[in-house]
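Below: the structure, in structure tokens.
Quick note: numbers below take in every heavy atom, side chains included, and nothing from hydrogens, waters or symmetry partners.
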Amino acid sequence: MSRISKNVILVVLTLTSSAFLLFQLYYYKHYLSAKNGSGLSKSKGSRIGFDGMQWRAVKKFIMLTSSQNVPVFLIDPLILELINKNFEQVKNTSHASSTSECKVFCVPRDFTTFALQYQLWKNEEGWFWIAENMGFQCLKIESKDPRLDWIDSLSGTEIPLHYICKLASHAIHLVVFHERSGNYLWHGHLRLKGHVDRKFVPFRKLQFGRYPGAFDRPELQQITVDGLDVLIPKDPVHFLEEIPHSRFIECRYKEARAFFQQYLDDNTVEAMTFQKRAKELLQLAAKTLKKLGVRFWLSSGTCLGWFRQCSIIPYSKDVDLGIFIQDYKSDIISAFQDAGLPLKHKFGKVEDSLELSFQGKDDVKLDIFFFYEETDHMWNGGTQAKTGKKFKYLFPKFTLCWTEFVDTKFRVPCETVEYIEANYGKTWKIPVKTWDWKRSPPNVQPNGVWPVSEWDEVIQLY
């Protein structure tokens, strides 16, 4: 084919694409605007608040996303709380019965926040172009895809994380959720690059993006609010409860690669078999505790393996989890037994130094340590079965974040370095294969001896 023919084809394709986008814009202006606005113009003056900028910006944004088949859903905390307070009334509202007063979307605020599952977005660039032609000023925030950080050749590939589209004095914040291998949704940190106008919107008031976040995949339902059809999480209470605890910490892939360059990975059959069994055990434990509604986190050697090398330490021989004692439930033991994990030992009691151990496949065991909170620190206990001696392991106070480990969403201490240094000291980066749980940890201290009269209760071996 000649160079002229190729150029002609390129010009034709470009003109066709431009014509299609212009048709979509014409369709929006002359059809959707009339369809969605006719009812309002007839009753103008009797509908209170519907001329406010907040409502108009949201209406225009919804019309835009509907015309482009962009499946956005509402995640704005303020709006969801207002909807939840009157959920039954809102759920039964239709266009025909909608109120004459704008009560939700007209509440004064700088932003309205929506979300989008990125894998469902088919025409990102076309949508962006049309939004600007509708009068929105849009800012796109991108950053590297953390899911590819483990792969050197793909590390640095950028993905969209946030859109902020401003119409006059009101802005729409579109949070882009990405699917992770643990079947949950993740959004990235809204980090402004050097060229971005810091006065574009009051960024500090944004509800999402101060840090990466992880959420359960919500089931959605459509409702009518202030005359507008919107999708919201079917369980808005659960979604609202997730928001303040959604902070996500990524595995440190760069440091893990450096670790394995210095300390070669153990690829023996024995090591790989253990890691496979430990992964299965972790996933089963997560499923069991989630079903019970019990918060837990990666602790001890399992937490160290995640933070240091993004993998299970092959010589650790067990899996370690932590649970706050206030989250203890009496049916934890029976739930694990029903899941096929028999109780191996039970040390201590709910009031003091409780520890549970369950037997997994191939002698891989699951240890659960219960943590107690004091005024200025937290601690978990240990018991020596043959002597009844008690031990206490002290940790600085910590909060919980999410991470991804062995293709599953887990909690970990947000203050990870302090947590690990308490348990393993400043040299935690160096592998140590010989470990005495009674002497090696720098945070261990004696805690007395169980009275012999209590041994039947506090030292149970199976």
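Ionic pairing of Lys390 and Asp352 is present here: one or more N-O contacts between side-chain nitrogen and carboxylate oxygen are shorter than 4.0 angstrom. Checked for salt-bridge contact, Glu404 and Lys409 miss the test: no charged N lies under 4.0 Å from a carboxylate O.
Under a 3.5 Å cut-off, the side chain of Tyr419 and the backbone N or O of Pro396 do not form any donor-acceptor pair. Not one N or O on the side chain of Gln309 forms a donor-acceptor pair closer than 3.5 Å with the backbone of Trp306. In this structure a side-chain-to-backbone donor-acceptor pair under 3.5 Å is missing from Gln460 to Phe347. Counting only distance, with no hydrogens or angles, the side chain of Lys317 and the backbone of Val364 share no donor-acceptor pair below 3.5 Å. Between the side chain of Thr427 and the backbone N or O of Ile430 there is no donor-acceptor pair closer than 3.5 Å. Lys279 places no side-chain N or O within donor-acceptor distance of the main-chain N or O of Phe405, the cut-off being under 3.5 Å.
A cation-pi geometry, defined here as NZ or CZ lying under 6.0 Å from the six-membered ring centre and within 45° of its normal, does not hold between Lys389 and Trp450. Because its NZ or CZ atom is both nearer than 6.0 Å to the ring centre of Phe200 and within 45° of the ring axis, Lys166 counts as a cation-pi partner of that residue. Taking the ring centre of Phe391 as origin, the terminal cationic atom of Lys438 falls outside the region bounded by 6.0 Å and 45° from the ring axis. Geometric assessment of Arg252 against the ring of Phe307 yields a positive cation-pi assignment under the 6.0 Å and 45° thresholds.
Across all their heavy atoms, Leu161 and His189 have their closest contact at CD1-O, 3.7 Å.
Aromatic ring pairs are classed by plane angle as parallel below 30°, tilted from 30° to 60° and perpendicular above 60°; the pair Phe248 and Trp186 is perpendicular.
When only modelled atom types and interatomic distance are considered, Tyr393 and Ser300 share no side-chain donor-acceptor pair under 3.5 Å.
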